[in-house]
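A quick write-up on the structure given underneath.
Just so we're clear, the structure is a prediction, and the values are computed from it rather than from any experiment.
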Amino acid sequence: MDNSSLLNQEIDLHGAKILVVDDVSDNRMLIDMYMRKTHSQILQATNGLEAIEMTEKNNPDLILMDIQMPIMDGYESVRRIRAAGFKKPIIALTAHSLKEDCQMCVDAGCDYVLTKPARRKELLHKIQGILIT
């Protein structure tokens with residue numbers, strides 16, 4: 001199967017719980033639209049503190065973490081989530097694509113970094129590759 005037909009396939013994430021953390025409602029809504037046909041459960045948080053609480057309460061299978069947010073940024077939130085023992089994948093979503101910015105995400109505890117705006121196919125295939133292996 002070539003890449004173009006792979007990209008056009010529907011992705012089934014089998015009820016995976018995915019926590020989307022972003023202070024901008026349009027960004028959360030866009031990711032929710034991307035995820036609609038994947039059979040996943042989408043949870044949402046609007047800042048890093050909510051992300052910590054939602055992670056403790058719901059134990060998501062994967063976290064999509066915005067890095068720049070008020071109240072508590074993604075770096076600090078990820079550090080605290082990791083310190084609390086969360087071992088599952090965290091994908092940083094950031095508008096900053098410099099090598100140093102990506103390294104700061106990894107240093108904080110993120111497993112992967114995707115730049116904003118997130119593109120549907122790239123995001124879905126990254127999540128599929130992480131969760132369904």
Problem - Separation of Arg79 CZ from Cys110 SG (nearest 0.5 Å) - result: 9.5 Å
Exercise for the section: Hey, could you give me the OH/CD distance between Tyr34 and Glu122, rounded to the nearest 0.5 Å? Expected result: 10.0 Å
Practice task
May I ask you to test the Thr94-Val113 pair for a side-chain heavy-atom distance under 4.5 Å?
Solution key: yes
Completion exercise
The reported gap from CG in Asp111 to CD1 in Ile130 (rounded to nearest 0.5 angstrom) is 7.0 Å
Practice task
With the side chain counted from C-beta on, respond yes when Ile91 and Lys126 share a heavy-atom pair under 4.5 Å apart, and no when they do not.
Solution key: yes
Exercise for the section: Indicate the atoms forming the closest heavy-atom contact of Ala51 with Ala45, along with that distance. Expected result: N-CB, 3.7 Å
Handout entry: Heavy-atom closest contact (Leu123 atom, Ala118 atom, distance)
Key = CD2-CB, 4.4 Å
Handout entry: Any side-chain heavy-atom pair of Ile18 and Leu64 under 4.5 Å
Key = yes
Practice task
Please determine which of Leu62, Ile127, Asp61, Ile63 meets the side chain to side chain contact (heavy atoms under 4.5 Å, CB included) test together with Pro89.
Solution key: Leu62
Practice task
State, yes or no, whether a side-chain contact exists between Met104 and Ile67 at a heavy-atom distance under 4.5 Å.
Solution key: no
Handout entry: Cluster check Ile31, Ile11: I/L/V/M/F/W/Y, side chain < 4.5 angstrom
Key = yes
Handout entry: Option passing side chain to side chain contact (heavy atoms under 4.5 Å, CB included) with Asp22 (candidates Lys116, Gln68, Gln44)
Key = Lys116
Problem - hydrophobic_cluster_shared for Met33 and Leu114, side chain cutoff 4.5 Å - result: yes
Exercise for the section: Check whether any side-chain heavy atom of His14 sits under 4.5 Å from a side-chain heavy atom of Ile132, and report yes or no. Expected result: yes
Exercise for the section: Check the pair Val20 / Asp32 against side chain to side chain contact (heavy atoms under 4.5 Å, CB included), numbers first and verdict last. Expected result: CA-CA 8 Å; Val20 178; Asp32 188 65; over 6 Å; no
Practice task
Search all heavy atoms of Val78 against all heavy atoms of Ala108 and return the closest pair with its distance.
Solution key: CG1-O, 3.3 Å
Handout entry: Residue of the set Leu93, Asp73, Ile81 for which side chain to side chain contact (heavy atoms under 4.5 Å, CB included) holds with Met65
Key = Ile81
Handout entry: Nearest non-hydrogen partners of Ala16 and Leu131, listed with the distance
Key = CB-CD1, 3.7 Å
Completion exercise
One should read off an interatomic distance between Met54 CE and Leu19 CG, to the nearest 0.5 angstrom, of 5.5 Å
Practice task
Could you go through the side chain to side chain contact (heavy atoms under 4.5 Å, CB included) check for Leu49 and Ile71 one step at a time?
Solution key: CA-CA 7 Å; Leu49 280 176; Ile71 301 175; 3.5 Å; yes
Practice task
Nearest 0.5 Å please: distance from the CG atom of Leu13 over to the CD atom of Gln41.
Solution key: 12.5 Å
Exercise for the section: Check whether any side-chain heavy atom of Arg82 sits under 4.5 Å from a side-chain heavy atom of Ile90, and report yes or no. Expected result: yes
Practice task
Taking the side chain as every heavy atom from C-beta outward, state whether Met72 and Ile52 have any pair of such atoms under 4.5 Å apart.
Solution key: yes
Handout entry: Audit row: Ser77, Arg80, side chain to side chain contact (heavy atoms under 4.5 Å, CB included) steps and yes/no
Key = CA-CA 5 Å; Ser77 180; Arg80 291 185 187 193; over 6 Å; no
Problem - Spacing of OG1 belonging to Thr55 relative to NZ belonging to Lys17, to within rounding of 0.5 Å - result: 10.5 Å
Problem - Linked, directly or transitively: Leu43 and Val24 (ILVMFWY side chains, under 4.5 Å) - result: no
Exercise for the section: Answer whether the closest heavy-atom distance between the side chains of Phe86 and Asn59 falls below 4.5 Å. Expected result: yes
Exercise for the section: Compare every heavy atom of Leu124 with every heavy atom of Met35, then report the nearest pair and how far apart it is. Expected result: SD-CD2, 3.3 Å
